[in-house]
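Notes follow once the structure below has been shown.
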Amino acid sequence: MAPVATIDCDIHPAVPNIAALLPYMSGFWRDSFVERGIDGLEMQSYPPGAPITARPDWRPAKGPAGGSLEAMQVQALDRFGLDLAICNTLYGGQVAVSETMGAAICSAVNDWIAEQWLDRDPRLRASIVVPAQAPLLAAEEIERKAADRRFVQVLMPVACEMMLGRSYYWPIYEAASRHGLPIGLHAGSMYRHTPTSTGWPSHFLHDYVAHSQTFEDQLLSLVTNGVFVKFPDLRVVLIESGVTWLPGFLWRAFKTWRAVRPEAPWVRESPVETIRRQVRLTAQPLDAPDDPRVLDRIIDQIGSDEMLLFATDYPHWQFEGDAALPPGLDPVLIARMRRDNPLATYPRLQEAIA
Ligand code: ZN
């Protein structure tokens with residue numbers, strides 16, 4: 001394989017319908033979905049026709065955007081010169097209330113993505129989707145798929161049933177850590193709780209903007225409950241979190257930790273150091289103005305140029321044309337985001353270029 005120049009850390013193949021998954025299910029679940037007529041489990045918070053759901057030029061005449069490998073090859077893999085791309089499949093198994101149904105759907109999605117996508121384009125890698133509503137079943141699913149080295153990450157929605165630092169979730173982190181798989185927390189919710197701390201918003205606009213607060217909450221939960229101490233090799237990737245909230249968040253976390261650290265003595269170092277070392281963020285959607293000096297300042301305030309990962313978020317509409325990166329960025333930073341940072345974040349991607 002030629003030297004890798006660009007790695008996309010967030011693209012979205014779409015499961016066309018439940019029928020596509022039935023061949024990857026047991027007889028019981030096949031019968032259940034057919035006899036009960038269950039379908040339409042796309043895990044998108046917004047209406048299918050909403051502009052943010054798919055870029056107009058990436059929206060097919062029929063079926064969901066992201067539903068065709070051939071379209072993805074033309075519109076993303078070839079168009080952006082992607083050498084490797086991580087498929088993050090968003091589908092209802094990750095949010096189902098039934099633990100066993102959620103696990104069955106997630107397993108089917110993982111087998112489907114391997115056979116229908118990874119087998120057909122060597123540039124593709126994928127996340128293992130897991131039912132985080134059933135952490136022990138999620139850990140079993142990680143064990144089942146981890147031997148396939150094309151799976152490079154474990155994927156969960158950022159808003160689950162509890163705060164993610166709770167020990168309830170630690171079996172997932174233990175399995176992921178042992179197999180060298182980062183935990184990807186993607187924007188999205190099980191909607192067991194309101195997306196804001198004070199109630200249900202009335203509009204998608206509010207829901208979408210408020211999402212960065214959810215990322216802040218979960219990140220602080222992971223830090224203060226000692227997840228990064230318990231699993232020192234674990235990496236967490238915040239996907240579609242935005243990035244401009246991070247400097248202020250780090251400053252507040254550091255200042256408050258200094259004041260009340262006796263309360264949590266297991267948090268042995270500043271949250272800033274922990275987060276810089278073990279947390280990464282994808283850079284689309286980028287919630288910064290076009291002025292490159294602003295992003296330079298934000299990275300300077302974060303204190304690390306190793307945290308941002310290149311992503312197109314295909315087929316979602318986050319930027320126009322080919323401008324997956326804002327203009328005027330330092331070429332050294334661009335190379336880090338496109339190649340060095342993803343390779344450092346995902347150990348299994350290093351095997352792809354070895
Ligand atoms: Zn995404």
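Remember, it's 1-based here, ligands and their atoms both numbered in the order they're listed. Only this structure's heavy atoms are used, side chains among them; waters, hydrogens and symmetry mates stay out.
- The Zn ion (ligand 1) sits nearest to atom OD2 when only the N, O or S atoms of Asp10 are considered.
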### Message
Using the rule given for salt bridge (Lys or Arg N to Asp or Glu O under 4.0 Å), can you reason through Glu216 versus Arg252, listing the C-alpha separation, both sets of side-chain angles and the distance that settles it, and then say yes or no?
### Response
CA-CA 11 Å; Glu216 293 187 37; Arg252 283 173 65 96; over 6 Å; no
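- Cluster membership for Met307 and Phe254, using ILVMFWY side-chain heavy atoms within less than 4.5 angstrom, is shared.
- Minimum-distance N/O/S atom of Glu240 relative to the Zn ion (ligand 1): OE2.
- Rounding to 10 degrees gives 80° for the angle at the Zn ion (ligand 1) between OD1 of Asp313 and NE2 of His12.
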### Test log, rule side chain to side chain contact (heavy atoms under 4.5 Å, CB included), inputs Arg348 and Leu181
CA-CA 8 Å; Arg348 291 178 174 210; Leu181 296 161; 3.8 Å; yes
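- Here Glu273 does not pair with Arg268 in a salt bridge; the nearest charged N to carboxylate O distance is not below 4.0 Å.
- Among the atoms of His186, an N, O or S atom falls under 2.8 Å from the Zn ion (ligand 1).
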